[in-house]
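Single-structure report; data block below.
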Amino acid sequence: MKIKIGAGILVFFILMALLGPLLIGTDPAATSNDGLQGPSAEHWLGTTQTGQDILVQVVYGARISMGVGLLSAMIATVLAVAVGLVGGYFGGAIDETLSVLTNIFLVLPALPLIIVLAGYLPQRGVASVAVVIAVTGWAWGARVLRAQTLSVRRRDFVEAAKASGERPFRIVFFEILPVLLPVIATSFLATVVGAILAEAGLSFLGLADLSTVSWGTMLYFAQTGQALLIGAWWWFIPPGLCIALVGTGLALVNFGIDELANPRLRTIRAPRKRKAEGTA
């Protein structure tokens, strides 16, 4: 049930990001004379201080925010898989070196590091921001995968692959990696959530590309326009609510995968009592 609800939320926002801009076809930066208008039949989610339609911005912002989240998560997951599996399988000096590198990134405060790195970017495009977020977000997944690899490498099928003369990297990526796919999936989903929040935080601080429309930049301009003070709740609630809903959907899918992969987390349902035959 958790996976179904979470997947439904994610499918809605993915379709909105992919098809929404094509269906709306309106420039999200287009201004009008309807400044700070509340929700109405003409503007379903109201307008900004300069008359920009907030619904249009929410739809276009989904593409940037979710795109940054997915790109960052893919880069971070690749780094985590490479570091965690290689270090956990080979051990020795390789594992010690990669563990030290992982520990360094784990103890560094993520948000200040992201702010510092983003501040020195020559270009603050979507790809640049995604890379910065990924560089600071791979260490936790690498630590988890290393611990799982240390356990899996002692199993019989890995020993059999070694005895048959399989190459080490083939064992790592064709024997051990498939077993760890549920762990990798949960790490990926958690990283997507963190990346979307990090992008929103950078945009809110004005460190992202403010010429693009994302949920984070919407919150930035709502803050600079003092939307909270003037009571323009329709300006900042929609992007914030979208971020919360996407995070909820990812978390529900993540919890569902955990329950499927870990039998101890599964809900035990009591069997239904069968009615005795012949009773009314």
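What you see is a predicted model, and the numbers here were worked out from it, not measured in a lab.
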Please report, to 0.1 Å, the donor-acceptor pairs under 3.5 Å made by any side chain of residues 69-94, with sequence neighbours excluded.
unit_1	atom_1	unit_2	atom_2	d
S72	OG	V68	O	2.8
S72	OG	A130	O	3.0
T77	OG1	A73	O	2.6

Of all residues at least two apart in sequence or in a different chain, which pass the side chain to side chain contact (heavy atoms under 4.5 Å, CB included) check with [X]?
{"X": "T97", "result": "none"}
{"X": "T26", "result": "I24, V56"}
{"X": "L113", "result": "L108, L117, T136"}
{"X": "P21", "result": "V59, Y60, R63"}

Result block: side-chain N/O donor-acceptor pairs under 3.5 angstrom for residues 166-179, not counting sequence neighbours:
unit_1	atom_1	unit_2	atom_2	d
E166	OE1	R170	NE	3.1

For residues 28-38, please give each side-chain donor-acceptor pair under 3.5 Å, one per line with the distance, not counting sequence neighbours.
unit_1	atom_1	unit_2	atom_2	d
S32	OG	D34	N	3.4
S32	OG	G51	O	2.8
D34	OD2	H43	NE2	3.3

For residues 222-230, which side-chain N or O atoms pair as donor and acceptor with protein atoms under 3.5 Å away, sequence neighbours left out?
unit_1	atom_1	unit_2	atom_2	d
T224	OG1	Y220	O	3.2
T224	OG1	F221	O	3.0

Residues that K4 engages under side chain to side chain donor-acceptor pair (under 3.5 Å), provided they are two or more places apart: none
Residues that D209 engages under salt bridge (charged side-chain N to carboxylate O under 4.0 Å, His left out), provided they are two or more places apart: none
Pairs involving residues 184-203, ordered by first then second residue, that meet side chain to side chain donor-acceptor pair (under 3.5 Å) (sequence neighbours left out): E199-S203, E199-S214
Contacts of type ring-ring contact (aromatic ring centres under 6.0 Å, His included), residue F105, not counting sequence neighbours: W138
